Enquirer: 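Have a look at this one before I ask anything.
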Amino acid sequence: QVQLVESGGGLVQPGGSLRLSCATSESRFEFNAMGWYRQAPGMQRELVGSIAKGYGYTTTYADSVKGRFTVSKVYGKNTVYLQMNSLKPEDTAVYYCFADGSLDLGPSQRSWGQGAQVTVSS
């Protein structure tokens, strides 16, 4: 596992935008996939979006955020971004970054970030 540092988040009005970032400084980390889950109070954690290594990069999104959220990765760096546009009150949750990958050609493992609160409210 590697340490993931999240930044961004905060309070925004409905219709506004926020950007989350997630990075690891572990230079030995071999990326397979990174992305975000979110968890609202009393709800199960759900996958928001992810980016995975493949032919180029492949992104996936929850139906609830398609067309509004974008996951992107800096090529050659283990940093990913979640650009959130047209935010709605139902997007309010703690957003957790995850990273799937390996160190020194070992088995792939999942690491988690500390979580970032996103609150959409007027």
Side-chain angles (χ1 to χ4, degrees):
Q1 293 185 335
V2 297
Q3 183 180 18
L4 299 176
V5 178
E6 295 185 51
S7 61
L11 174 64
V12 65
Q13 292 186 339
S17 298
L18 283 174
R19 189 177 80 160
L20 303 180
S21 64
C22 175
T24 176
S25 59
E26 176 56 70
S27 61
R28 299 176 297 141
F29 179 69
E30 186 68 28
F31 156 86
N32 288 329
M34 295 180 74
W36 276 266
Y37 281 76
R38 68 184 180 186
Q39 188 167 23
M43 304 291 286
Q44 288 189 332
R45 190 174 291 193
E46 64 170 346
L47 177 66
V48 176
S50 66
I51 186 165
K53 183 172 61 176
Y55 183 73
Y57 293 142
T58 301
T59 54
T60 58
Y61 298 96
D63 287 342
S64 59
V65 306
K66 282 181 181 177
R68 299 188 298 121
F69 290 13
T70 303
V71 179
S72 60
K73 182 182 181 296
V74 178
Y75 184 78
K77 293 186 177 181
N78 291 318
T79 302
V80 292
Y81 300 97
L82 178 65
Q83 178 66 44
M84 302 181 288
N85 298 328
S86 302
L87 282 160
K88 304 175 181 180
E90 51 263 43
D91 294 318
T92 296
V94 178
Y95 285 68
Y96 295 93
C97 170
F98 75 90
D100 293 338
S102 61
L103 295 174
D104 300 325
L105 302 179
S108 183
Q109 293 185 315
R110 175 162 290 185
S111 303
W112 291 96
Q114 78 274 18
Q117 177 68 47
V118 172
T119 303
V120 185
S121 175
S122 55

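None of these values were measured; they are calculated from a predicted model.
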Enquirer: Between Tyr75 and Ile51, is there a shared hydrophobic cluster once you connect ILVMFWY residues whose side-chain heavy atoms come closer than 4.5 Å?
Expert: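 Yes, same cluster.
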Enquirer: Counting neighbours of CD on Gln44 that are heavy atoms of other residues, nucleotides or ligands and sit closer than 6.0 Å, is the number greater than 12?
Expert: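 Incorrect, the count does not exceed 12.
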Enquirer: Could you pull out all residues at least two apart from Arg68 that satisfy side chain to side chain contact (heavy atoms under 4.5 Å, CB included)?
Expert: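 In terms of side chain to side chain contact (heavy atoms under 4.5 Å, CB included), with neighbours along the sequence ignored, Arg68 is linked to Val65, Ser86, Lys88, Asp91.
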Enquirer: Has the side chain of Lys73 got a donor or acceptor atom that lies under 3.5 Å from a matching backbone atom of Lys77?
Expert: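 Indeed, once roles are kept as given, a pair shorter than 3.5 Å links the two residues.
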Enquirer: Tabulate below the donor-acceptor pairs under 3.5 Å that side-chain atoms of residues 10-25 make, not counting sequence neighbours, or state none.
Expert:
from	atom 1	to	atom 2	distance (Å)
Ser17	OG	Asn85	OD1	2.9
Ser21	OG	Ser7	OG	2.4
Thr24	OG1	Gln3	O	3.1
Thr24	OG1	Glu26	N	3.2

Enquirer: Check Tyr37 against Leu47 and note the closest heavy-atom contact, atom names and distance.
Expert: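 Result for this residue pair: CD2-N, 3.3 Å.
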Enquirer: Go through it in stages, so that I can follow the logic: the residues are Thr70 and Tyr81, the test is side chain to side chain contact (heavy atoms under 4.5 Å, CB included), and I'd like the CA-CA distance, side-chain angles, deciding distance and then a yes or no.
Expert: CA-CA 8 Å; Thr70 303; Tyr81 300 97; over 6 Å; no
Enquirer: Apply side chain to side chain contact (heavy atoms under 4.5 Å, CB included) to the pair Tyr95 and Met84, showing each step before the final yes or no.
Expert: CA-CA 12 Å; Tyr95 285 68; Met84 302 181 288; 3.9 Å; yes
Enquirer: Would you say Thr92's side chain and Thr119's backbone share a donor-acceptor pair under 3.5 angstrom?
Expert: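 No, the answer is negative, given that no donor and acceptor are paired below the 3.5 Å cut-off.
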Enquirer: Examine Val120 and Tyr96 and state if one hydrophobic cluster contains both, with Ile, Leu, Val, Met, Phe, Trp and Tyr joined whenever side-chain heavy atoms are less than 4.5 Å apart.
Expert: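 No.
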Enquirer: Can you tell me if Glu6 uses its side chain to pair, donor with acceptor, with the backbone of Cys97 under 3.5 Å?
Expert: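 Yes; at least one donor-acceptor contact below 3.5 Å.
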Enquirer: Quick one: is the NZ or CZ of Arg45 closer than 6.0 Å to the six-membered ring centre of Trp36, and within 45° of its axis?
Expert: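 Because its charged atom misses either the 6.0 Å distance or the 45° angle limit, Arg45 does not stack over Trp36.
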Enquirer: If we count only N and O atoms by modelled type, under 3.5 Å, do the side chains of Asp100 and Ser108 hold a donor and an acceptor together?
Expert: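 There is no such pair (donor and acceptor under 3.5 Å, judged by atom type) between the side chains of Asp100 and Ser108.
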Enquirer: Over 60° means perpendicular and under 30° means parallel, so tell me whether Tyr57 and Phe31 are parallel, tilted or perpendicular.
Expert: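 Taking Phe31 first and then Tyr57, their aromatic rings stand perpendicular (interplane angle over 60°).
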Enquirer: Got a donor-acceptor contact below 3.5 angstrom from the Glu30 side chain to the Asp104 backbone?
Expert: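 Checking the backbone N and O of Asp104 against the side chain of Glu30, no donor-acceptor pair under 3.5 Å is found.
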Enquirer: Once you round to the nearest 0.5 Å, how far does OG of Ser121 lie from CG of Leu87?
Expert: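 Those atoms lie 12.0 Å apart.
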Enquirer: Any idea how Phe98 and Trp112 line up, ring-wise: parallel (<30°), tilted (30 to 60°), or perpendicular (>60°)?
Expert: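 Answer is tilted, since the angle falls between 30° and 60°.
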Enquirer: Could you state the interatomic distance from OG (Ser72) to CE (Met34), rounded to the nearest 0.5 Å?
Expert: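 Answer for the OG-CE pair, Ser72 versus Met34, is 11.0 Å.
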Enquirer: If you compare all heavy atoms of Leu103 against all heavy atoms of Gln1, which two are closest, and at what distance to 0.1 Å?
Expert: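 Here Leu103 and Gln1 meet closest at CD1-O, 4.1 Å.
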Enquirer: Measuring from atom NZ of Lys66 to atom OG1 of Thr60, what distance do you get when rounded to the nearest 0.5 angstrom?
Expert: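 With rounding to 0.5 Å, NZ (Lys66) is 8.5 Å from OG1 (Thr60).
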Enquirer: Evaluate the side-chain proximity of Arg38 to Glu46: yes if any heavy-atom separation is below 4.5 Å, no if none is.
Expert: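 Yes, side chains in contact.
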Enquirer: Locate the shortest heavy-atom distance separating Ala40 from Ala93; write the atom from each residue and the value.
Expert: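 The answer is N-CB, 3.8 Å.
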Enquirer: Specify the closest pair of heavy atoms between Phe69 and Tyr61, including all atoms of both residues, with the distance to one decimal.
Expert: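 Closest approach of Phe69 to Tyr61, heavy atoms only: O-CE2, 3.4 Å.
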